Number of protein chains: 2
Amino acid sequence: MKKAAHLTRARQTAIFKALADPHRFELLLQIAKARCPLGCSQALASLPISAATLSHHIKELETAGLIDIRREGKFAYLSLRPGVLESVAASLQALESANCAGR
Amino acid sequence: MKKAAHLTRARQTAIFKALADPHRFELLLQIAKARCPLGCSQALASLPISAATLSHHIKELETAGLIDIRREGKFAYLSLRPGVLESVAASLQALESANCAGR
DNA sequence: TAATCAATTCGACAGTTGTCGAAATGTCGA
DNA sequence: TCGACATTTCGACAACTGTCGAATTGATTA
């Protein structure tokens with residue numbers, strides 16, 4: 001198991017903000033669970049939002065560093081950036097472990 | 001290691017929203033790292049916000065189910081609710097593991 | 001070239017949120 | 001009882017954000 005990278009607090013809150021919207025979180029779930037990079041149109045078909053709004057959410061996820069976008073001609077393909085969610089998970093787990101309550 | 005409880009998506013996004021503000025996240029860090037339940041005044045002294053704003057953030061963290069509040073006379077003491085952050089961490093780790101990219 | 005299509009950008013709008021000062025509430029000590 | 005103190009609530013405000021339709025851009029196809 002590779003050691004998780006350190007994230008600054010500002011980076012962490014930026015990531016939480018990106019995860020805090022239901023539609024955006026659902027989008028990330030789909031990207032994460034897809035076996036291959038998810039196409040924009042595919043994502044659009046599975047979310048009750050307009051193309052404009054989807055584009056906005058994609059940009060937010062990218063800005064937070066959570067996903068990578070590969071553009072090919074007319075199309076765009078979304079994939080999870082490896083290691084980021086893992087780092088966040090490690091931070092939260094460390095927070096819980098640092099605490100002494102309930103133990 | 002105890003199995004982490006399941007969180008609904010709505011619950012998860014609510015928690016992320018609570019973690020998404022820098023001052024609120026800092027407050028949670030202080031609560032988590034304190035060796036005993038953190039007093040309100042103590043928290044106030046270490047954050048550049050007014051008492052009114054602090055009270056607001058405390059309520060948000062409590063509503064999200066991240067902390068417990070014990071009131072004693074004039075004072076209020078804040079402590080991490082055990083297991084919640086751990087569950088969130090487990091969810092994020094699972095998301096990362098479900099993905100096949102970068103491996 | 002013209003038409004079509006995927007995706008993005010623009011402009012606008014309603015709803016939410018972090019923030020504060022001031023007022024209120026409740027508690028303790030003199 | 002009275003004043004000081006910790007915390008909360010209230011009212012207001014500026015900034016941010018999710019959303020859409022319409023217009024734009026860029027690429028593919030007829």
Side-chain angles (χ1 to χ4, degrees), chain A residues 9-31 34 36-81, chain B residues 9-31 34 36-81:
Chain A
R9 279 176 208 182
R11 179 88 198 281
Q12 285 182 72
T13 51
I15 290 175
F16 290 137
K17 199 173 68 172
L19 298 174
D21 177 79
H23 288 152
R24 203 150 56 211
F25 186 55
E26 180 64 35
L27 172 58
L28 191 74
L29 285 184
Q30 305 229 357
I31 294 173
C36 40
L38 193 71
C40 262
S41 306
Q42 213 173 333
L44 184 58
S46 65
L47 289 173
I49 57 177
S50 72
T53 303
L54 174 62
S55 194
H56 165 67
H57 285 319
I58 289 173
K59 175 163 298 201
E60 293 291 314
L61 289 179
E62 188 195 21
T63 299
L66 286 167
I67 64 171
D68 290 316
I69 309 182
R70 177 169 46 95
R71 286 168 225 275
E72 280 185 17
K74 292 198 290 190
F75 306 100
Y77 298 97
L78 317 172
S79 57
L80 207 60
R81 180 173 299 188
Chain B
R9 279 176 209 184
R11 179 89 198 283
Q12 286 183 70
T13 52
I15 290 176
F16 290 138
K17 198 172 68 170
L19 298 174
D21 177 80
H23 289 152
R24 203 151 56 212
F25 185 56
E26 181 65 33
L27 172 59
L28 190 75
L29 285 184
Q30 305 228 358
I31 294 172
C36 41
L38 192 72
C40 262
S41 306
Q42 213 173 335
L44 184 59
S46 65
L47 288 173
I49 57 177
S50 73
T53 302
L54 174 61
S55 193
H56 164 67
H57 285 320
I58 289 173
K59 175 162 298 203
E60 292 292 314
L61 289 178
E62 188 194 22
T63 300
L66 285 167
I67 65 171
D68 290 316
I69 309 182
R70 178 167 45 95
R71 286 168 227 272
E72 278 185 18
K74 292 199 287 191
F75 306 101
Y77 298 97
L78 317 172
S79 57
L80 208 58
R81 180 173 299 189

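Sequence lines set the chain letters: A, B, ... in the order given, protein chains first and strands last, and positions in each chain run from 1. Every value quoted in this text rests on a predicted model; they were computed, and no experiment measured them.
- Distance A:His23 NE2 to D:dT19 C1': 10 Å, rounded to the nearest Å.
- Taking atom CZ of residue B:Arg70 and atom P of nucleotide D:dA6, one finds them 18 Å apart after rounding to whole Å.
- Contact between the side-chain N/O atoms of A:Arg71 and the OP1/OP2 oxygens of C:dT8 is found at a separation under 4.0 Å.
- Atom CG of A:Leu78 is separated from atom CG of A:Leu27 by 6.5 Å, given to the nearest 0.5 angstrom.
- Sequence neighbours left out, the pairs with a member in residues 18-30 of chain A that pass salt bridge (charged side-chain N to carboxylate O under 4.0 Å, His left out) are A:Glu26-B:Arg9.
- By the 30° and 60° cut-offs, the orientation of the rings of B:Phe16 relative to A:Phe16 is parallel.
- Residues from residues 13-22 of chain B lying near DNA chain C, meaning a heavy-atom separation below 4.0 Å, are B:Lys17, B:Asp21 in numerical order.
- The CG atom of A:Leu80 lies 7.5 Å from the CD1 atom of A:Ile31; values are rounded to the nearest 0.5 Å.
- A:Ser55 comes within 4.0 angstrom of a nucleotide base, judged by non-hydrogen atoms across all strands.
- Here A:Leu47 contributes atom CG and A:Thr53 contributes atom OG1; the two are 10.5 Å apart, rounded to the nearest 0.5 Å.
- From B:His56, atom NE2 reaches atom CD1 of B:Ile49 across 9.5 Å, with rounding to the nearest 0.5 Å.
- Between B:Ile69 and B:Arg71 the shortest side-chain heavy-atom distance falls below 4.5 Å.
- One interatomic measurement links the two molecules: NZ of B:Lys59 to P of C:dT16, which rounds to 17 Å at whole-angstrom precision.
- DNA chain C lies under 4.0 Å from no heavy atom of any residue of residues 61-68 of chain A.
- Between A:His57 and D:dT17 there is no side-chain N or O to OP1 or OP2 distance below 4.0 Å.
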Summary of protein contacts for nucleotides 20-30 of chain D, nucleotide by nucleotide, where a base hit scores B, a sugar-phosphate-only hit scores S (4.0 Å, heavy atoms): BB----BSS--

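- Going from atom CD1 of B:Ile58 over to atom C1' of C:dG18 covers 15 Å, rounded to whole Å.
- In this structure, A:Arg24 places its CZ atom 8 Å from C1' of D:dT17, rounding to the nearest Å.
- Atom CD of A:Glu60 is separated from atom P of C:dT8 by 13 Å (rounded to the nearest Å).
- For A:His56 and C:dA7, the shortest distance from a side-chain N or O to OP1 or OP2 is not below 4.0 Å.
- Residues A:Ile67 and A:Ile58 meet the side-chain proximity criterion, which asks for heavy atoms closer than 4.5 Å.
- Closest approach of A:Ala18 to A:Leu66, counting heavy atoms only: CB-CD1, 4.0 Å.
- Residues satisfying the side chain to side chain contact (heavy atoms under 4.5 Å, CB included) test with B:Gln42, not counting sequence neighbours, are B:Leu38.
- Checked against ring-ring contact (aromatic ring centres under 6.0 Å, His included), B:Tyr77 has no partners two or more places apart in sequence or in another chain.
- Distance B:Leu38 CG to D:dA6 C1': 14 Å, rounded to the nearest Å.
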